[in-house]
Amino acid sequence: MHTDGPLLILAGAGSGKTRVITMRTAYLIHSGIPADSILAVTFTNKAAREMRGRVSKIVKKGKSKPVISTFHALCLRILRHEIEVLGYRKDFTIYDTSEQVSLLRTIMSDIKFYDRSFKPEAVLEKISMTKNGFAPDNKDADEDPVEEASALLYPRYREALRSMNALDFDDLMVLTLKLFRDHADVLEKYREQFKYIMVDEYQDTNRIQYDFIKFLAGKRKNLCVVGDDDQSIYGWRGADISNILDFEKDYNGTVTIRLEQNYRSFDNILNAANGVIQNNSRRMEKSLWTDRGAGPKVNIFKAGNTEDEADWVAGRISSLIEEKQVPAESIAIIYRANLLSRPFEEALRMQKTPYTVVGGTSYFERKEIKDLAAYLKIIANPSDNLSLLRAVTAPKRGLGPSALASIGDYARANSMDMFEAFGKASNNNKLKPGAAGSAEDFYALICRYQERFSSGKNMGDTLKELIDEINFRDYLIALYKTPDSAYRRIENLDGFIESVKHYESVDRSPSLSGFLETMALTDLVEEKQEQAGYGVTLISFHSAKGLEFPVVFIAAAEDGILPHKKSADTDEGLEEERRLFYVGITRAMKELFITYTEHRVKYGKETPSLPSQFLAEIPDGVSKTLDRFEEADPEKDKEYVKSLYEGFMAKFK
């Protein structure tokens, strides 16, 4: 019911914060505030979709709707309208990570930068940190070769993006913030539009996101932020916990409300979580509680070595599934890093237990999809040289590196886009007639499809026509040698066509650029957690945030792994590792198992292990040490087991 002025909602794990934002949005609208003046910002497409769905169910249909969006989707929306004042065209392309790497490699080749001591990905990470104003402590920065390389390459990288009318993911926020700083009229326009602002997961905001929100809030300060400082686990990528800890200082007159009732977990699990997290000094005091009852105690098991741990976990899971009828999908194995998944995968296979490893290759990262996306990108943005060079070689058209270099030289000499130089290839004296003909044929192909896609209608069918015209299926069969090996790749083409058709069916004003935006934001923003859903889920702590499972196994709870050896040297690092453990504990709804080993294989050698120091912080009375041969679930009453899991089973179905 709070409306005007700053509001801080400290929402503990499982306390229903999404519902709070939903109901507050509804209350604002019912209070007479125009829906389109309300903005709710979150980090993932999944959260935004969930919020939009909930709001639509409780708010009467009207002409206007609140804007519920991710940070990056909101910035993209603003840039599509305003970016021309920054010297870009509105038909800009968004480059994903692999395209950024490809561009950087091209730049390094052009300036003959052949240092192989580091990967381009490392340079891009430094560039991203620079863009986002995040500079982690590094005493040896002056002697860091990656730091030196990024300082050399960043200006060239930035200029290359600009020349191709392209943005990388960081630019969506960086350039929007530049708009607000340099163009007061643009800022005032959006301040007038968004008079009531809500931000979800505020503890995960970085400096640029903080500044962006502060600009929008302006003098009204009708800003409501929801978050949990105890779940701030992304400091390594720039999230600044002080944004939420200092909110009351930044916004005078803040009303602070704590949500401490947990609707997810049993009391023993919450007491374990509370006992651990209270050892952090940089936090706002709160304590989770529930009226769901004590539930089973937290189970702690010591294994002999890595394989022993995996075998024990897989055996316990098999028992839960076969004897207690627990759905495999209601069980998760959570670990500090993805490299720890291998022994669990092998053990689950031995037990013939289905599983999903979260963090696999994204659908949009598959080669055949990226090849087709390159065609769509060059159709939408003729200045996108990177997509042009990819499309023209998939399939090959008799245009080798020397021919493409010649076309590039001709474009630069005549101050034109490379795509335009394709259309004038017959004027290029350095090209052979066959190559010139191929270049002009490709130019004509793209021009035809620019016209076909321009209407925004039947784009799925148009894409199918393009695939047929360039014989893309035959290209895949030739590339992968046999129809059988190419079968899944060809299946993916049909899936891509369907994704275009789905976009057309749900978007009110479909367009090719709109589809590419949807694809880019899904690929870049969508949390890997959305891959979960089949069998037992194997997932890292970072990816598990926001999820919940009736049964959770936290594996490898050992010093050097949790807390990680690189983080345990500083108070800030140790506290973030403790928050990571807290997040893992609070994913569990019904039962929690924590395992560690006496010996673990590291660098090819079996070395002694010590249990995580965080285990000693779990209060007495809420946990028990399991014997190797103890029954997986001491409760024999089938009605108990049924009641324990039927809620989740209904939800899962």
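At a threshold of 4.5 Å between non-hydrogen side-chain atoms, the residues Lys17 and Asp228 do not count as touching. Taking the side chain as every heavy atom from C-beta outward, Asp96 and Lys370 approach each other to under 4.5 Å. Put simply, the side chain of Phe541 does not reach to within 4.5 Å of the side chain of Val583, judged on heavy atoms. At a threshold of 4.5 Å between non-hydrogen side-chain atoms, the residues Arg52 and Val55 do not count as touching.
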If you apply the rule side chain to side chain contact (heavy atoms under 4.5 Å, CB included), what do you find for Asp230 with Asn280, and how did you get there?
CA-CA 9 Å; Asp230 290 335; Asn280 275 3; 5.5 Å; no
Report the C-alpha distance between Met198 and Val226 in whole Å, list the side-chain angles of each, state the deciding distance to 0.1 Å, and finish with yes or no for side chain to side chain contact (heavy atoms under 4.5 Å, CB included).
CA-CA 8 Å; Met198 287 177 281; Val226 186; 6.0 Å; no
May I have the step-by-step check of salt bridge (charged side-chain N to carboxylate O under 4.0 Å, His left out) for Arg342 and Glu307, ending in yes or no?
CA-CA 10 Å; Arg342 180 199 58 78; Glu307 279 66 35; 3.6 Å; yes
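Note that OG1 of Thr595 is 5.0 Å distant from CZ of Phe344, once rounded to the nearest 0.5 Å. Thr537 OG1 to Tyr355 OH: the interatomic distance, rounded to the nearest 0.5 Å, is 12.5 Å. One finds the CG atom of Leu538 at 6.0 Å from the CG atom of Leu348 (value rounded to the nearest 0.5 Å). Atom CD1 of Ile94 is separated from atom CG of Leu76 by 4.5 Å, given to the nearest 0.5 angstrom. Distance check, rounded to the nearest 0.5 Å: CD1 of Ile539 to NZ of Lys545 gives 12.0 Å. Rounded to the nearest 0.5 Å, atoms OG1 (Thr586) and CZ (Arg579) are 13.0 Å apart.
Judged by distance alone, with hydrogens and angles left aside, the side-chain atoms of Glu260 form no donor-acceptor pair with the main-chain N or O of Leu288 at under 3.5 Å. At distances below 3.5 Å, at least one donor-acceptor pair connects side-chain atoms of Asp559 with backbone N or O atoms of Gln613. Using modelled atom types, no side-chain atom of Thr42 and backbone atom of Asp200 make a donor-acceptor pair closer than 3.5 Å. Checked by atom type and distance alone, the side chain of Ser232 never pairs as donor or acceptor with a backbone atom of Asp229 at under 3.5 Å.
The list of ring pair (Phe, Tyr, Trp, His ring centres under 6.0 Å) pairs with a residue in residues 551-577, not counting sequence neighbours, reads Phe553-Phe593.
Between Arg283 and Glu575 there is no salt bridge, since no side-chain N of the basic residue sits under 4.0 Å from a carboxylate O of the acidic one. With respect to Glu50 and Arg54, a salt bridge is recorded, a charged nitrogen being found less than 4.0 Å from a carboxylate O. We find that Arg207 and Asp240 are not joined by a salt bridge, their nearest charged nitrogen and carboxylate oxygen being 4.0 Å or further apart. At a threshold of 4.0 Å, the pair Glu346-Arg349 does not count as salt-bridged, since none of the basic side-chain nitrogens sits closer than that to a carboxylate oxygen.
Under a cut-off of 6.0 angstrom, the local environment of CD in Glu121 is crowded, with over 12 non-hydrogen atoms contributed by other residues, nucleotides or ligands. Lys566 NZ: 12 or fewer foreign heavy atoms inside a 6.0 Å radius. Around atom CG of Asp571, no more than 12 heavy atoms belonging to other residues, nucleotides or ligands sit under 6.0 Å away.
A donor atom on one side chain and an acceptor atom on the other are not found under 3.5 Å apart for Gln231 and Tyr582. Between the side chains of Glu309 and Thr597, not a single donor N or O lies within less than 3.5 Å of an accepting N or O.
Using a 30° and 60° split on the angle between ring planes, Phe169 and His72 fall in the parallel class, below 30°.
Checking Asn271, Ile594, Val298 one by one against Ser623, the side-chain contact (heavy atoms from CB on, under 4.5 Å) holds for a single residue, Val298.
For Ala347 against Asp311, the heavy-atom pair with the smallest separation is CB-OD1, 3.7 Å. Taking both residues in full, the closest heavy atoms of Ala328 and Ile321 are given as CB-CD1, 3.7 Å, listed atom of the first, atom of the second, then distance.
Not a single ring-ring contact (aromatic ring centres under 6.0 Å, His included) links Tyr210 to another residue, sequence neighbours left out.
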